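Model, not experiment: these values are computed from the prediction. Chain letters run A, B, ... following the sequence lines, proteins first, then strands; residues in each count from 1.
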Amino acid sequence: MTYWLFKSEPDEYSLQDLAAEATGCGRWDGIRNYQARNFLRDQVSLGDEVLFYHSACKVPAVVGTAKVVRAAYPDPAQFDPENKYFDPKAIPDEPRWYCVDVTWCSEFARPVPLAEIKKTPELKNMVLVKQGRLSIQPVTDSEWETIVRLGER
DNA sequence: GCCAACGTTGGC
DNA sequence: GCCAACGTTGGC
């Protein structure tokens with residue numbers, strides 16, 4: 001069991017959007033960065049828990065948690081010319097991009113902003129802090145516990 | 001909207 | 001097989 005942090009632009013897909021999914025789960029698709037793709041395809045597993053992070057918005061922050069309910073499968077959007085995530089170089093026999101399904105677990109009592117994470121000594125080695133632009137990244141057990149505790153109040 | 005970090009692509 | 005150009009991401 002591994003912990004992860006997934007980033008999403010709330011204008012595109014927010015924690016609240018995931019909570020509102022009629023089917024109870026949402027597809028984490030549209031990942032078009034190779035480092036993120038590799039984590040998603042090779043390491044993210046069924047049952048793994050996820051910190052849901054809102055990026056590219058007024059206050060970038062971890063806002064809640066989710067859980068992986070289906071491991072990696074080819075992202076259908078790459079083959080659909082109508083889709084904004086269509087990739088003309090992707091061929092069905094050799095998919096280039098992957099997605100997973102997640103379900104909503106919790107919304108924090110208060111968001112934990114990036115600025116606060118950067119100021120918290122226990123979190124100074126987070127990938128989030130060390131390497132800014134990575135939308136799927138591993139989180140250690142102690143980082144998970146620290147963030148969840150900060151979000152409790 | 002600028003631009004920095006990272007990985008991939010492709011010309012030579 | 002080098003390395004410059006390019007695409008994606010995302011804080012500021």
Side-chain angles (χ1 to χ4, degrees), chain A residues 2-21 26-45 48-68 70-102 104-140 142-144 146-151:
Chain A
T2 312
Y3 292 120
W4 301 95
L5 182 146
F6 286 10
K7 296 182 183 178
S8 184
E9 301 187 17
D11 289 347
E12 288 283 324
Y13 192 77
S14 68
L15 179 66
Q16 291 73 29
D17 290 332
L18 175 59
E21 292 276 10
R27 175 182 291 158
W28 205 277
D29 59 2
I31 299 294
R32 295 293 181 269
N33 166 280
Y34 289 96
Q35 270 183 298
R37 190 277 312 266
N38 291 345
F39 279 128
L40 202 61
R41 183 190 59 189
D42 304 333
Q43 295 190 45
V44 175
S45 307
D48 282 357
E49 293 187 80
V50 174
L51 293 173
F52 199 120
Y53 180 90
H54 282 172
S55 68
C57 56
K58 199 129 192 187
V59 182
V62 179
V63 292
T65 63
K67 183 181 284 210
V68 176
R70 182 178 173 188
Y73 60 101
D75 182 349
Q78 69 194 306
F79 305 123
D80 175 8
E82 302 298 310
N83 195 290
K84 66 181 277 202
Y85 293 116
F86 175 64
D87 182 346
K89 290 184 181 168
I91 47 175
D93 284 347
E94 218 175 311
R96 179 177 290 214
W97 307 112
Y98 287 78
C99 56
V100 298
D101 290 350
V102 297
W104 180 91
C105 284
S106 71
E107 179 169 347
F108 287 171
R110 66 166 189 100
V112 180
L114 175 62
E116 182 175 343
I117 290 171
K118 285 180 171 172
K119 282 190 286 186
T120 304
E122 304 96 291
L123 300 176
K124 71 176 192 320
N125 289 323
M126 276 192 82
V127 180
L128 187 67
V129 176
K130 295 258 177 181
Q131 187 182 336
R133 292 159 180 79
L134 184 58
S135 54
I136 302 283
Q137 53 178 262
V139 171
T140 68
S142 71
E143 289 163 355
W144 173 277
T146 302
I147 299 260
V148 168
R149 183 158 20 85
L150 289 172

Atom NZ of Lys84(A) and atom CD of Glu82(A): how far apart are they, to the nearest 0.5 Å? 15.0 Å

Give the intermediate values and the outcome of side chain to side chain contact (heavy atoms under 4.5 Å, CB included) for residues Tyr3(A) and Leu51(A). CA-CA 8 Å; Tyr3(A) 292 120; Leu51(A) 293 173; over 6 Å; no

Mind checking if Glu9(A) touches a base, just sugar-phosphate, or nothing, with heavy atoms under 4.0 Å? nothing

Please tabulate, one pair per line, all N/O donor-acceptor pairs under 3.5 Å involving side-chain atoms of residues 125-139 of chain A, not counting sequence neighbours.
residue	atom	partner	partner atom	Å
Gln131(A)	NE2	Gln35(A)	OE1	2.8
Gln137(A)	OE1	Leu128(A)	N	2.7
Gln137(A)	NE2	Leu134(A)	O	3.1

Answer yes if the ring centres of Trp4(A) and Phe39(A) are under 6.0 angstrom apart, and no otherwise. yes

DNA chain C nearest-nucleotide lookup for Arg133(A) and Lys118(A): closer to the 5′ end is Arg133(A)

With a 4.0 Å cut-off (strictly under) to non-hydrogen atoms of chain A, the first and last hit nts on DNA chain C, 5' to 3', are dT8(C) to dC12(C)

Name the residue closer to the 5' end of DNA chain B, choosing between Lys89(A) and Gln35(A) according to the nucleotide with the nearest heavy atom. Gln35(A)

Heavy atoms of Thr65(A) and Trp144(A) approach each other most closely as CG2-CH2, 3.8 Å

Can Tyr73(A) and Arg27(A) be said to form a side-chain hydrogen bond (donor to acceptor under 3.5 Å, both in side chains), step by step? CA-CA 10 Å; Tyr73(A) 60 101; Arg27(A) 175 182 291 158; 2.9 Å; yes

Across the strands shown, which category fits Arg96(A) at heavy-atom distances under 4.0 angstrom: base, sugar-phosphate, nothing? sugar-phosphate

Answer with base, sugar-phosphate or nothing: what part of the nucleic acid does Tyr53(A) contact at a heavy-atom distance below 4.0 Å? sugar-phosphate

